Amino acid sequence: MKKMQIDIIAVVPELLDSPFGHSIVKRAKEKGKVDINIVSLREYGIGAYKKIDDESYGGGAGMVLMCEPLAKCIEDLKSKTCYDEIIYLSPDGNKYEQKEANRLSMASALLLICGHYKGIDERIREKYISCEISIGDYVLTGGELASIVMVDSIVRLLPGVLNDETSALTDTFQDGLVAPPVYTRPASFEGMEVPEVLRSGNVKKINEWQEEMSLKRTKEKRPDLLK
Ligand code: ADE
């Protein structure tokens, strides 16, 4: 499979250094499964002060990211890469869920645009954005933290990134249910025992137990998933 390209336009690119420099995302980059390119919007800012935002027409508190720096930045990136989706991260976007991570993990190239302050000029949304995503009903300072969540959830699905032990197929949500409880050594901890069936070595029985527990847990914790 071809290497996936993820470009991210950020107002505070420093926020993205650490999350993509460790663990599974780092390993995915090293294995050549993904290239993550972080672009500072400030580089496309206007004038000596590299201005990227201005007051909102019609008044109201908060600054708006201006058209020109964003358009220049997006055009520059588009001249080098053909994106499957140009995604704007915003609290008013479509709620991000596992099925969207699955879909996006099949893409060859994604461009993520992180908003800040009051957001980006509406004309940029109209002209360039193909998909708007929110990671939940709360407001973050900017889209950078949301982009970390998205990239992590996508990269771990790329073929060859996770090994068998960490396979994404058994994740909560992948079959519309939450995952069953898990245990490790010791078999007995402060009088609490690991369920006997998990130590039986009977794969069929173990699978049945895990399916049953998945369903039970989903009913208890996330009944909405069963609707
Ligand atoms: N930017 C600010 N809040 C956000 C959210 N909840 N999801 C995505 N991007 C955001």
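Keep in mind the model is a prediction, meaning the values are calculated, not measured. Numbering of ligands and ligand atoms starts at 1, following listing order. Both backbone and side-chain heavy atoms feed into the values below; hydrogens, waters and symmetry mates do not. Index from 1, following the sequence.
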Report every pair formed by an N or O atom of ligand 1 and a protein N or O atom separated by less than 3.5 Å, giving atom names and the distance to 0.1 Å.
residue: ligand 1; atom: 3 (N); partner: L140; partner atom: N; Å: 3.0
residue: ligand 1; atom: 6 (N); partner: G136; partner atom: O; Å: 3.1
residue: ligand 1; atom: 6 (N); partner: Y138; partner atom: O; Å: 2.8
residue: ligand 1; atom: 7 (N); partner: I135; partner atom: N; Å: 3.0
residue: ligand 1; atom: 9 (N); partner: S90; partner atom: N; Å: 3.2

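Considering every non-hydrogen atom in both S105 and L158, the closest pair reads O-CD2, 3.4 Å.
Side chains of C131 and Y88 form no contact here, defined as non-hydrogen atoms less than 4.5 Å apart.
Test R222, K216, R217 against E220 for side-chain hydrogen bond (donor to acceptor under 3.5 Å, both in side chains) and you get one pass: K216.
Look at K50 and E43 and you find no salt bridge, because none of the NZ, NE, NH1 or NH2 atoms lies under 4.0 Å from a carboxylate O. With respect to the salt-bridge test (charged N to carboxylate O, under 4.0 angstrom), the residues R125 and D92 qualify.
Other residues, nucleotides and ligands place no more than 12 heavy atoms under 6.0 Å from the CZ atom of F189.
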